[in-house]
K.L.:
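For reference, the structure I am asking about is given below.
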Amino acid sequence: MSHWVLNQCSTMAADSDEMHERLIKSFQPRLRNLIAVQQVLDLLDFVTPDQKERIRQKNTNEGNRAAADALVTAVIQKPHQAGWFRAFVDALEGSGCGYAADYIQNKIPEPEVETENDNCVRLIQILSPSLVDMKVAEVRVHCLSQELITQDDSEIIAAATRNHGAKTGARELLGRIVRGRPGWFSKFLSILLETQHTKLYYELTGGSPDCDKQAALQSVAGKHTFVEFLFFLEQYQTQLTIILPLCVSDGARCAGAARDGEADDITLRDYQMKVVRPALEGKNIIICLPTGWGKTRAAVYVAKKHLDSRKAAGQTGKVAVLVNKIPLVEQHYSAEFLPFLKPMYKVERVSGASQLKISFVDTLRKNDVIICTAQILENYLDRSRTGEDEGVNLSDLSLIIVDECHHTQKEGVYNEIMVRYLKQKIKNAKLKKEQKPTVPLPQILGLTASPGVGGATKLDKAVEHILRICANLDASKIMTLPPDQLKRDSKKTVKPVEDRKEDPFGDVIKKIMNAIHYHAQLKPNGDLGSQIYEQWVVQMERKAVLEGDHKVRACAEHLRQYNEGLGLSNTIRMWDALNFLNKYHEEEMKNKTTPDEEQVIQITDTERFLFNLFKEYKEELHKLANNPDYENKSLSILRTKILQEFSTRQDARGIVFTKTRRVAIALTQWIQENPKFADLDVKAAYVIGGGDQSVVKPMTAAEQKDVLTKFRSGEVNLLIATSVAEEGLDIPKCNVVIRYGHVGNEISMIQTEGRGRAEDSTYTVVDVKDSGVAEKECVNEYRKDMMNKAIDKIGALKQDAYDKKIQEFQIQAIMEYRLRMKMKQKEDIKNEDPSEVKFSCRGCSQEVCTGEDIEVIEDIHRVNVTPQFRELFIRKESTKRKDSLLDYETNGYIVCGKCGQRWGSMMYFRGIQCPSLHVKNFVVAISGKNMPKCSKWTDVPARFSAFDYVASDEDA
C-alpha cells in the first residue's frame, strides 16, 4: 500500500512540475522584462554555480533580457529538485520581482489592468529623458517607504548616484519601479507631488500646471479615465520618434551600462566634459585624471561622438583601443565599450589569449571598435611594412585610444606604434609642401592617471619628461583639473617600524650564512638581508659559473635563499620564512635523487656541507618560529591597523599592497588563520600577477576575475595584492588602502591612492625593516608635487611655444628610434656557427651539446631530440600546473643526470617527446670563450635550425 501511495505522489509531483514548466514557458516573453537577474540568482540555491556564472556572463555581455531567458532555461531544466518551483517563486518575491511571481503562479491581472500597466511602463520609457532630472535621493526614500523598491534596490540606486551621478541613479530607479505590480504608477505620481516634482507630474499626466495640489492628488486617485490616459499616451508617441530604453542595472556593473542589447546614453560629469572637449573637436590630447575619476568612460564618449560624426559625414570610422595588459582587453570590452556602443556600432576584442586562428585584419574590417593589446596592433603594422603577410596600416584607423599612455616612451610597444605615426606625420608635411596627396592619420587620445616625472629631481626635467610623452603621442594638450579639484579627503599616515629588541630567528639564519662565508672563503659586501648584499651574492654566483667554481656557485645559491628568508622573517611570519627555506632544501634534495633510484646523482662535499648545515639548525629555527614574542614589529602594526579599520567601520573594504607574490600569499594565509580577524568578519584573498617571471605559481586571468568578483560582491572584503592591482584592473572602490613594506615610484603611489575611492578612505604606509619605504614615500610625495607643477607649467605655455617644443622632441624621438633599430639590427645578426656554440651544465660543467643539436619550434622553444642528449638527463614530474596549447603541452622537467641541476622542461609537440632547454641553466661558450651573461636565448648570437617534425617522427 505504501509503495502505491509513493508512486501516486511521485506521479502527482511530475504532473505539477509539467504544469509549472508550461506556465513559465508561456509567460517567458513577459518574464524577460520583469526579472532582475542578478538579484534573483543570489537567492536561488538549486541553480549550479557554473550555470550562475554563465548567466551572469550573459547578463554582462548581452543584457538583462538575454540573461533572463538563460535563467528561465536553467530553472525549468530537468531533473527537478524537490520544491524547485516554490524556491523560484520565493526568489522572485525576495528580489522585488513579485509581478513576475504572480504570472508564473497563474495570478494574471484582468486584461484592462494588464494593458494599462503596460502603457504606464511605455510612458515612463518615453519620458525618461525628463524624468532623469528628478531629485533622485528624495524620490528613492519615498519609493522605499511605499514599497515600490526593495532595500537592495535602494542601496544599488544610492551607489549608482554616488558613483556615476544623479541621472544614472534616476535611470536605476525608473528601471526598478516599472517591474512592480500594477498600481505602482499612481504611487509614483503621488511621490512626485510630495517631493515637489510638479512639472514632472504634469508631464506624466498631461494635466495643467495651474491645477492645485489637492486636485492633482485626486487625479492620481483615479479621476483620469483610462480612455483619457490612452489618448494622452498616443499624443506623446506621435511626438517622439525615438523611445529611449531604461537602464536596468544588475548591481554588479555600473548603472549607466546598457541592457537588452541597446546602447544607453553616456552622461558625463562637468569635469569630464571639460577634459574631453578638445578631443570632440578632433584634436590629439592626453586626459590625465586620477584612478576612479572616469577616464575610460570619457574615452567611450569620445569614441561614440567620433563614430557619430564620421557616419554623419559619410565616412568610415575605425577605433582602436590599445591596452598594455591582457586582462584589460576583456575589462574594457565588457564593462565600458560594448554596453555603451552596442547595437549602433560593432565592438570586438582581440588579445594574445583570444585571437588564436582568427584574422586580426578581418576582425578590424568587420567591426567599428577593436579593443586589443598594443603588441597585436604593432605586429600587424609590421607585417604591412615587411609585406610578409596581410597587415594593417595606421590609415585604416580613424581614432586610437591609448590606455595607461604614460608608457609611451623609450622602447615600449606604445612608442613603437607612435614612432610610425610621427614618421608618417613628417612625410605628410613634406607631401603637403609638394602639393601631393597625404596619408590620413588617426586621431590620438591618451589616458593616464599620472605621467610621472621620469626620475627627475628638478622641475625643468620633469617638464621635459612630460613634454616628451606629449610629443610621442602628438598631443596638442594635456587635459587635467587643477590640483585643488583633484584632492581627496583620504587620510594618509606613514607607520615607521622600530628594530626588534631580540631577533633570535634572524640571528640563527645569519649564523648559517656566516658559516657558508667561511666555508667558501667569501668576504660579504653589505649587511646580511639587505639589497646590497643580494646584489653582491648574485655577482659572486655569476662569476663562479663562468669560472667553473662549483664550490662558490653552490654556496652563493644557498646564500641567496637565506638572504630572502631573512627578508621574509622581517615581513611575514617566521614560520613562513622557515617553510620557504625548508621547501627549497627539499627541492634540492629531490633533484639529487632519481625516480627509480638506479642512477647515482653526484653530491659534492660542498653540497653535503650545505644540506647538513640546514639540517643542524632546522630544529632550533622550528622552535623559534613558534614563539610569537619574536615576531616582527611590522606584522604587529599591520594587524593593529586592519583590526582598527574593520572594527570602526560599518562596511570596511580594503587592499593591502605588498612587494612579492610569496608575501601576498603568506599574508592572506596569516589573516585567514587568525581568529581575531575572523571575529571582525575580515575575509581575505590575494591577487597576484599572471606572468611566469616568478618562481611562485602565477594567477590566471580567470582566477583574478573570480577574486575581484567576490570582492565586488562582498564575499571578500580585503585584497592582498602585488603591483598587478595598482594599474588598470577594475577594482571596486574601497575605503582602506595599505602599502606594506613596498613603495614604487610616484606613478605607482598615485594609482594606489586612487584605489581608495570612498570619501572617508584611509591610506597607510607600513614600514618594514631594511625596506626604506617611509623615505621612498616622502620622495614620491615630492615628485607628485613636482609633477603637478610641471603640468601647470606646460598648461601655461603659449601654443606656439608648446608646438615648437613638441616638434623638437618628435624629431629627437624619430632619431633615437632609428639609432635603436640600427643597434638592434647589429644584435640580430647571428653570425656564429652553431657548431662553435657549446653548452655545458651550470651545476657540474659537464659538456651537454653543441648548437648543431638545437632545433627551434615555432620560433620560441629550443629543443634537443638527439639520442645522445637523452642519455644525459633525468625526467621528473612537476608540481606546477601543466601548460597545454593547440600543438604542444609541457609536463614535467629535466635535470642533469650527473648533478641534478635543472635543465628545462619536457614538452610534447604533436605527440613527439621534445626536451626543451632553458639557456639560463647552462654555461654557453662561443669558440671556447664563456659568455658572461646568457639568461635568454636571444642572447646567443647564433641561428639554430627549425625543428624537423618528419625526421623526429621517424626517430620516435
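Side chains are part of it too, since the values below use all heavy atoms of this structure and drop only hydrogens, waters and symmetry mates. Sequence positions, counted from 1, serve as the residue numbers for this chain. Remember, predicted model here, so these are calculated numbers, not experimental data.
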K.L.:
For Leu322, which of Ile401, Ile400, Asp403 qualifies under side chain to side chain contact (heavy atoms under 4.5 Å, CB included)?
P.N.:
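By the side chain to side chain contact (heavy atoms under 4.5 Å, CB included) criterion, Leu322 pairs with just one of Ile401, Ile400, Asp403: Ile400.
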K.L.:
State, with a plain yes or no, whether a side-chain heavy atom of Thr448 is found less than 4.5 Å away from one of His407.
P.N.:
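No, side chains not in contact.
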K.L.:
Counting C-beta onward and ignoring hydrogens, is there a side-chain heavy-atom pair between His332 and Val323 closer than 4.5 Å?
P.N.:
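Sidechains of Val323 and His332: in contact.
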K.L.:
Verify side-chain contact (heavy atoms from CB on, under 4.5 Å) between Arg310 and Ser398, making sure each step is shown before the conclusion.
P.N.:
CA-CA 9 Å; Arg310 299 278 295 190; Ser398 58; 3.7 Å; yes
K.L.:
Donor-acceptor pair, distance only, cut-off 3.5 Å: does the side chain of Asn284 make one with the backbone of Ile444?
P.N.:
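At least one qualifying donor-acceptor pair exists.
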K.L.:
Not counting sequence neighbours, list each pair that qualifies as a salt bridge (Lys or Arg N to Asp or Glu O under 4.0 Å) and has a residue in residues 790-803.
P.N.:
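Salt bridge (Lys or Arg N to Asp or Glu O under 4.0 Å) check on residues 790-803 returns Asp460-Lys793.
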K.L.:
Drop me the distance from Leu200's CG to Asp133's CG, to the nearest 0.5 angstrom.
P.N.:
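Atom-to-atom, Leu200:CG and Asp133:CG are 7.5 Å apart.
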K.L.:
Can you tell me how far apart CE (Met344) and CG (Asp368) are? Round to the nearest 0.5 Å.
P.N.:
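Separation between the atoms: 10.0 Å.
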K.L.:
Step by step, work out the salt bridge (charged side-chain N to carboxylate O under 4.0 Å, His left out) result for Arg349 and Glu330.
P.N.:
CA-CA 7 Å; Arg349 77 284 210 196; Glu330 182 62 37; 3.0 Å; yes
K.L.:
Closest approach of Ala170 and Met134, non-hydrogen atoms and distance?
P.N.:
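So the two residues come closest at CB-CG, 4.1 Å.
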K.L.:
Quick one: do Arg420 and Glu378 satisfy salt bridge (charged side-chain N to carboxylate O under 4.0 Å, His left out)? Show the steps, please.
P.N.:
CA-CA 10 Å; Arg420 296 178 188 278; Glu378 168 59 19; 2.7 Å; yes
K.L.:
Measure across Pro451 and His406 and return the closest heavy-atom pair with its distance rounded to 0.1 Å.
P.N.:
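Closest approach of Pro451 to His406: CA-CB, 3.9 Å.
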K.L.:
So which heavy atom on Val361 is nearest to which on Gly391, and how close?
P.N.:
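Looks like CG2-O, 3.9 Å.
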K.L.:
In Å and rounded to the nearest 0.5 Å, what is the OG1 to CG distance from Thr408 to Leu473?
P.N.:
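One gets 4.0 Å once the value is rounded to the nearest 0.5 Å.
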K.L.:
What distance do Thr161 atom OG1 and Lys135 atom NZ have between them, rounded to the nearest 0.5 Å?
P.N.:
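Thr161 OG1 to Lys135 NZ: 14.5 Å, rounded to 0.5 Å.
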K.L.:
For Gln272 and Gly294, indicate whether the former's side chain and the latter's backbone hold a donor-acceptor pair under 3.5 Å.
P.N.:
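Side chain of Gln272 to backbone of Gly294, a donor-acceptor pair under 3.5 Å: yes, one is there.
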K.L.:
Where do Ala456 and Lys461 come nearest, in terms of heavy atoms and distance?
P.N.:
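Where Ala456 meets Lys461 most closely, the heavy atoms are CB-CB, 3.6 Å.
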K.L.:
Which donor-acceptor pairs under 3.5 Å do side chains of residues 807-815 form with protein atoms, sequence neighbours excluded?
P.N.:
{"from": "Gln810", "atom 1": "OE1", "to": "Lys425", "atom 2": "NZ", "distance (Å)": "3.2"}
{"from": "Gln810", "atom 1": "NE2", "to": "Ala471", "atom 2": "O", "distance (Å)": "3.0"}
{"from": "Gln810", "atom 1": "NE2", "to": "Asp474", "atom 2": "OD1", "distance (Å)": "2.8"}
{"from": "Gln812", "atom 1": "OE1", "to": "Arg468", "atom 2": "NH1", "distance (Å)": "3.1"}
{"from": "Gln812", "atom 1": "OE1", "to": "Arg468", "atom 2": "NH2", "distance (Å)": "2.9"}

K.L.:
Under a 3.5 Å distance rule, please check whether Thr438 uses its side chain to pair with a backbone N or O of Lys432 as donor and acceptor.
P.N.:
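Checking the backbone N and O of Lys432 against the side chain of Thr438, no donor-acceptor pair under 3.5 Å is found.
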K.L.:
Give the intermediate values and the outcome of side-chain contact (heavy atoms from CB on, under 4.5 Å) for residues Leu328 and Ile371.
P.N.:
CA-CA 9 Å; Leu328 295 180; Ile371 301 151; over 6 Å; no
K.L.:
Taking NZ, NE, NH1 and NH2 as the nitrogens, is one of them in Arg297 or Glu336 under 4.0 Å from a carboxylate oxygen of the other?
P.N.:
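Yes, Arg297 and Glu336 are salt-bridged.
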K.L.:
Please confirm whether the backbone N or O of Tyr345 pairs with a side-chain atom of Lys304, one donor and one acceptor, at under 3.5 Å?
P.N.:
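Absent.
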K.L.:
Looking at Lys366 and Asp362, is there a salt bridge between them, counting it only when a charged N and a carboxylate O are closer than 4.0 Å?
P.N.:
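Between Lys366 and Asp362 there is no salt bridge, as every charged N stays at least 4.0 Å from the carboxylate O atoms.
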K.L.:
Using a 4.5 Å cut-off on heavy atoms from C-beta on, say whether the side chain of Val413 contacts that of Asn415.
P.N.:
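Not in contact.
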K.L.:
How many angstroms lie between atom NZ of Lys427 and atom NZ of Lys430, to the nearest 0.5 angstrom?
P.N.:
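One gets 9.5 Å once the value is rounded to the nearest 0.5 Å.
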K.L.:
Check step by step if side-chain contact (heavy atoms from CB on, under 4.5 Å) holds for Val463 and Leu467.
P.N.:
CA-CA 6 Å; Val463 169; Leu467 280 173; 3.7 Å; yes
K.L.:
Any cation-pi pair here, Arg820 with Tyr817, using under 6.0 Å and within 45°?
P.N.:
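Not flagged: Arg820 not positioned over aromatic ring of Tyr817.
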K.L.:
If you look at every heavy atom in Asn324 and Tyr414, which pair is closest and at what distance?
P.N.:
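Heavy atoms of Asn324 and Tyr414 come nearest at N-OH, 3.2 Å.
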K.L.:
Does some side-chain heavy atom of Leu394 sit less than 4.5 Å from a side-chain heavy atom of Pro442?
P.N.:
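Of all side-chain heavy-atom pairs linking Leu394 with Pro442, at least one is under 4.5 Å.
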K.L.:
In terms of side-chain geometry, is the basic nitrogen of Asp785 or Lys789 positioned less than 4.0 Å from the acidic oxygen of its partner?
P.N.:
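Judged by the 4.0 Å cut-off on N to carboxylate O distance, Asp785 and Lys789 do form a salt bridge.
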K.L.:
So Tyr763 and Glu777, side chain to side chain donor-acceptor pair (under 3.5 Å) or not? Walk me through it.
P.N.:
CA-CA 12 Å; Tyr763 177 89; Glu777 191 71 6; 3.2 Å; yes
K.L.:
Can you tell me if NZ on Lys295 sees more than 12 non-hydrogen neighbours from other groups inside 6.0 Å?
P.N.:
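Check passes, neighbour count above 12.
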K.L.:
Between Tyr802 and Gln799, is a side-chain contact (heavy atoms from CB on, under 4.5 Å) present by the stated rule, with each step listed?
P.N.:
CA-CA 5 Å; Tyr802 174 89; Gln799 196 63 42; 3.6 Å; yes
K.L.:
Which residues pass the side-chain hydrogen bond (donor to acceptor under 3.5 Å, both in side chains) test with Gln375, not counting sequence neighbours?
P.N.:
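For Gln375 the side-chain hydrogen bond (donor to acceptor under 3.5 Å, both in side chains) partners, ignoring immediate neighbours, are Asn379.
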K.L.:
State whether a side-chain donor-acceptor pair under 3.5 Å links Arg171 with Thr267.
P.N.:
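Indeed, the side chains of Arg171 and Thr267 share at least one donor-acceptor pair under 3.5 Å.
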K.L.:
Taking the side chain from Gln443 and the backbone from Lys283, do they hold a donor-acceptor pair closer than 3.5 Å?
P.N.:
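Yes; at least one donor-acceptor contact below 3.5 Å.
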K.L.:
Please tell me if the side chains of Thr316 and Lys318 come closer than 4.5 Å, counting only heavy atoms from C-beta onward.
P.N.:
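Yes - at least one pair of side-chain heavy atoms lies under 4.5 Å apart.
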K.L.:
Counting distance only, does the side-chain N/O of Ser334 pair as donor-acceptor with the main-chain N or O of Gln331 below 3.5 Å?
P.N.:
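Such a contact is absent between Ser334 side chain and Gln331 backbone.
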K.L.:
Would you name the heavy atoms of Gln409 and Ile469 that are closest together and state the gap between them?
P.N.:
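That closest heavy-atom pairing would be NE2-CD1, 4.3 Å.
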K.L.:
Does any non-hydrogen side-chain atom of Trp293 lie less than 4.5 Å from one of Tyr271?
P.N.:
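Yes, close enough: below the 4.5 Å cut-off.
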K.L.:
Strictly distance-based, threshold 3.5 Å: is any side-chain N or O of Asn428 a donor or acceptor partner for the main-chain N or O of Val439?
P.N.:
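Between the backbone of Val439 and the side chain of Asn428 there is a qualifying donor-acceptor contact (under 3.5 Å).
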K.L.:
Got Val392 and Leu381 here, is their nearest side-chain heavy-atom distance under 4.5 Å?
P.N.:
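Yes, their side chains come closer than 4.5 Å.
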K.L.:
How long is the span from the CD1 atom in Ile791 to the SG atom in Cys288, to the nearest 0.5 Å?
P.N.:
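If we round to the nearest 0.5 Å, Ile791:CD1 and Cys288:SG are 4.5 Å apart.
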K.L.:
Quick one: are Thr722 and Val687 in side-chain contact, heavy atoms under 4.5 Å?
P.N.:
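Heavy-atom side-chain distance check fails, nothing below 4.5 Å.
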